[in-house]
Amino acid sequence: MRKPVFISSQAYDAIYHSPVAPLGIKMQNSRLVTIDWLLEADAASTAPSKAVTGVVRILDQYFDDPSSTTAIACSPTGTAFQQRVWRALQTIPPGEVMTYGQLAKKLKTSSQAIGQACRTNPIAVLIPCHRIVAAKGLGGYMGRRRQLQIKKWLLHHEGVMWL
DNA sequence: GATACAGGCTTGT
DNA sequence: ACAAGCCTGTATC
């Protein structure tokens, strides 16, 4: 349902051009609800609203120095289980990784369920689903090769030297 | 090693 | 209703 390959900028309140790939930011009632990686940059983004600039500032900070990232108030929509996983993800500090299994044990569930919640993460980067890796390997990142590169980039950016 | 399966939750047929 | 998916530990050959 989420993650259309061809996205028009109108689906987002702003497009953020990160060093890796463009990000689509969506607000709802002045609360952050979605950040998607975009495969196709659409330069014609609308003028950012006031609420978006706060998000942009945090993204700037992250891409400048990931270790100084601050928590953000956001309202991701999802099931109770997903919210629980996402909250847990946000407690993982930059530069550290956890495996699906470890988190599953912590939340008394299965690795596969964790993967599911990660996959449907509505707020890329700020809810760090990229900090969850497989017990043996990198794991996946939204199912596509191009986006696995993004996961790698992010971890590398945070100082996790993988391989 | 390799292969098989259950366990847990969501999404897409 | 059912299969499949960013998985992984245990079992079995």
Check: Checking all strands, does A:Gly139 fall into the base, sugar-phosphate, or nothing category for heavy-atom contacts under 4.0 angstrom?
Finding: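 A:Gly139: no heavy atom of the nucleic acid under 4.0 Å.
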Notebook entry, point to check: When we call it a touch if two heavy atoms are under 4.0 Å apart, what does A:Phe81 touch: a base, just sugar-phosphate, or nothing?
Noted result: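 Contact class for A:Phe81: sugar-phosphate only.
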Which nucleotide in the set [options] lies at the smallest distance from any side-chain heavy atom of [X]?
| X | options | result |
| --- | --- | --- |
| A:Tyr141 | C:dC6, C:dT8, B:dC9 | C:dC6 |
| A:Ser110 | B:dG7, B:dT10, C:dC6 | B:dG7 |
| A:Cys118 | B:dC9, B:dT11, C:dC6 | C:dC6 |
| A:Gln82 | C:dT8, B:dT11, B:dC9 | B:dT11 |
| A:Ala134 | C:dT8, B:dT11, B:dC9 | C:dT8 |

Notebook entry, point to check: Can you tell me how far C1' in B:dA2 sits from the matching atom in C:dC6, rounded to whole Å?
Noted result: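 Each nucleotide's C1' atom is 23 Å from the other's.
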Checklist line | C:dA4 to B:dA4 separation - P atoms, rounded to the nearest Å | finding: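 That atom pair is separated by 15 Å.
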Next item on the list: Answer yes or no: does atom CD of A:Gln28 have more than 12 heavy-atom neighbours from other residues, nucleotides or ligands under 6.0 Å?
Entry: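 No, not enclosed.
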Next item on the list: Using modelled atom types only, decide if a donor and an acceptor are shared between the side chain of A:Glu96 and the backbone of A:Pro93 within a distance under 3.5 Å.
Entry: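 Judged by distance alone, no pair lies under 3.5 Å.
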Check: Counting N and O atoms only, with roles assigned by atom type, does the side chain of A:Asn121 sit under 3.5 Å from a partner on the main chain of A:Ile127, one being a donor and the other an acceptor?
Finding: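 Indeed, once roles are kept as given, a pair shorter than 3.5 Å links the two residues.
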Item checked: Under 3.5 Å on both distances, the Watson-Crick or G-U partner of C:dC6 ->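 In the structure as shown, C:dC6 has no Watson-Crick or wobble partner.
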Check: For the residue pair A:Tyr100 and A:Ser111, what are the closest heavy atoms and their distance?
Finding: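 So the two residues come closest at CB-CB, 3.9 Å.
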